[in-house]
**Q** 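Attaching a single structure in structure tokens format; questions to follow.
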There are 2 protein chains.
Amino acid sequence: MGASLKDVAARAGVSVRTVSNVVNDFPMVAPETRRRVQQALEELRYRPNAAARQLRAGRSGLIGLVIPEIDSPYFGELASLLVQTAQEHAWTLLVDQSNGDPERERRLLEGMSGQIIDGLIMSPWGLSPTDLRRSADAVPLVLLGEQDAAGLIDHVSVDSVLAATEATAHLIGLGRRRIAAIGVQPHLSNGTAEQRLTGYRQALRAARVAPDPALEVPVTALHRAEGARAMRRLLDGGHAPDAVFCFSDQLALGALRAALDYGLSVPRDLAVCGFDDIEDGRYATPSLTTVAPDKAEIARQALACLADRLKAGRPALGAADPGDAEAAAGAGDAPPPARRIVAAHRLVVRESTAGRSRRSTGTDRAV
Amino acid sequence: MGASLKDVAARAGVSVRTVSNVVNDFPMVAPETRRRVQQALEELRYRPNAAARQLRAGRSGLIGLVIPEIDSPYFGELASLLVQTAQEHAWTLLVDQSNGDPERERRLLEGMSGQIIDGLIMSPWGLSPTDLRRSADAVPLVLLGEQDAAGLIDHVSVDSVLAATEATAHLIGLGRRRIAAIGVQPHLSNGTAEQRLTGYRQALRAARVAPDPALEVPVTALHRAEGARAMRRLLDGGHAPDAVFCFSDQLALGALRAALDYGLSVPRDLAVCGFDDIEDGRYATPSLTTVAPDKAEIARQALACLADRLKAGRPALGAADPGDAEAAAGAGDAPPPARRIVAAHRLVVRESTAGRSRRSTGTDRAV
DNA sequence: TCTTCATGTTGCAACGTTGCATGCAACGTT
DNA sequence: AACGTTGCATGCAACGTTGCAACATGAAGA
């Protein structure tokens, strides 16, 4: 255990309180005293004890992040942005992964909630918004993802229906008509797959392309292996499509690989479009057309939303500005309704759906 | 703020201490009392306050993890394994990223160290072992990576020199003689690139292949873009190699992409080998031969090492078994010297260096 | 000289938890 | 009847920090 305020006080010959005043940069300290205390602080390598601070102040500066998988590129990139953005709020991120397991999601939610962390950002796969609402009580919660939390919980996501419509319309615009959709996930609660399927169907209907149930392929996970399996199934089953919209880039990369294995040329024989804009897709051969959610905006909005809740929720212990405290208290009476924040997205067209030569500069972000 | 022991005690009509006894499953509580308390606990949805517990007990159950980038596949996979393995130790991981910036590494090290976290796992890029030793004091520290911490700090890594030798020997075994190395990083302190370069050179020497400085290409980062740039430089500069050993899979995937853009056939014209065994490499076209560090073992060993230090370092507050406390105290006298733990690795040969047909089942982990 | 004031400095209490020591019944033993 | 023993329950203190109120000190004003 390191040095405490008491140790420093003893060494500098002042009271504990004065040391605290120096540490916290309070004005009412004589220059000479401040100097002496600062020297003692350095000599003893004093570091404030976060646990004690939190116990007093009721906040820790820690934000929990629960995602299904840290090692999936999409969540990795998102987590990275969240960690970076959190630094701007002077927050540290406590990352845990649920593997999409509802039980584990609940345990993390209840275990972290109300404890140690000031707020929680979660991308649920297994729990429904109602479950989430019931389990989360103590701290503000912001969801990432498409689930319909209808006024129950704040959440941030892109408009997946619209994005899927645009992606599918893009494929239709290439003259494709047998467009498969890979990534249907009936068992998941988060609504992502549903919304993308809805968008896909809407685009087909709008273009008067007859839907074919055989072209809607379910998967059990969003990994490459599943994408490859789905594509093989399509090709083996005699349902060969001329384009495929995958609900994630990983699925698309797996599908791409399988198609190439079957001797297909992409995009000539098969156009491939993904979703997420992960880095791998930019350097795949051919590079992958995809829907790019504005991940930086998602991170920014999620944290901003949490910041708002924190400001409103707690009576601002020791608020410096009385006017501000007033406003916070006023907002605190009627907890503001849950927000639904929609982040931007754009369709990034690359080689896997373009007519361009394969011998191009390659990526839209080449160095 | 949630309910405290005091609230529960008031409701159950017992003392605070008794509630604590129930919460902690102490035996000396009458069944009837226990029942009453438990009911009160549930009614008030009591959750123990971690800050207060830590303040008392001196430990938090939190382990810090500082890695350069969460979104790089290698560190993502490693972080994922660490989080999972940490669960077995009943630890939660606090993840932060340094971007390899020495200043930021130092800040994280000092800021986290001694505070809130019980231990720290770090993969330094910018700080030298000496710097690290100076900054880290309060909590046990385990390094991940190749740097030579010579007895200063515990660390876990694969034998990069040996692995690089094997990889290069594999390329030589294919009959290749103009073997490039992509990934030299003169400015980094972590020793990874140096060791892999050493291994590469050793293999060349052992096979009596004349080294060519023009084939050793530096990079400024381990990303795909840099790999592509390096490969273009090799091909444009008239130093066309017939094989390339990249110090990371990401570099290899970038190099692969650039080679394909130049119309080369891989592996016919150019054999490509990477390092890390990230998932992308398994599904690339062609799939990527690589050195696979045993990441699960790295995670396991790092946490086990930390667990040892924790057991030895602190006098086991309230040790249940006196014999055990004795042993811990005995070990505590002379802090055991820093350990160097070497994790296993293996060379995974895939399409990018094999003579196999391109139309294969693809990956060595196909589903 | 006595109040008023500004400027520094300090003691006390409390945040929620748990180790330790003690309290207090009811019981069986001498 | 006095005693130790056992089974439960409780009070006190402390972990390190900070809000609050109070305290000194000296200078300015009445």
**Q** Answer with yes or no whether the side chains of B:Ser157 and B:Arg340 bring together a donor and an acceptor at under 3.5 Å.
**A** yes
**Q** Sequence neighbours left out, what passes side-chain contact (heavy atoms from CB on, under 4.5 Å) with B:Ser15? Give chain and number order.
**A** B:Arg17, B:Thr18
**Q** A:Glu77: what forms a salt bridge (charged side-chain N to carboxylate O under 4.0 Å, His left out) with it, not counting sequence neighbours?
**A** A:Lys295
**Q** Please tabulate, one pair per line, each protein N/O and nucleotide N/O from nucleotides 22-28 of chain C that are separated by under 3.5 Å, including the distance.
**A**
none

**Q** Output the residues of residues 18-35 of chain A in contact with DNA chain D, where contact means a heavy atom of the residue under 4.0 Å from an atom of the strand; sort by number or write none.
**A** A:Ser20, A:Asn24, A:Phe26
**Q** If you find the nucleotide of DNA chain D closest to A:Arg53 and the one closest to B:Val14, which residue's nucleotide is nearer the 5' end?
**A** B:Val14
**Q** In which ranges does DNA chain C form stems of 3 or more consecutive Watson-Crick or G-U pairs, distances under 3.5 Å?
**A** C:1-30 with D:1-30
**Q** Would B:Glu69 and A:Ser80 count as having a side-chain donor-acceptor pair, cut-off 3.5 Å?
**A** no
**Q** Using a heavy-atom cut-off of under 4.0 Å over every strand shown, decide if B:Arg17 touches base, sugar-phosphate, or nothing.
**A** base
**Q** Please state how far atom CG in A:Leu5 lies from atom P in D:dG19, giving the value in whole angstrom units.
**A** 12 Å
**Q** Quick check for you: to the nearest 0.5 Å, what is the distance between A:Leu143 atom CG and A:Leu127 atom CG?
**A** 10.0 Å
**Q** Could you go through the side-chain contact (heavy atoms from CB on, under 4.5 Å) check for A:Tyr46 and A:Leu5 one step at a time?
**A** CA-CA 8 Å; A:Tyr46 169 80; A:Leu5 285 182; 3.5 Å; yes
**Q** Taking only residues two or more places apart in sequence or in another chain, which ones pass salt bridge (charged side-chain N to carboxylate O under 4.0 Å, His left out) with B:Asp131?
**A** B:Arg134
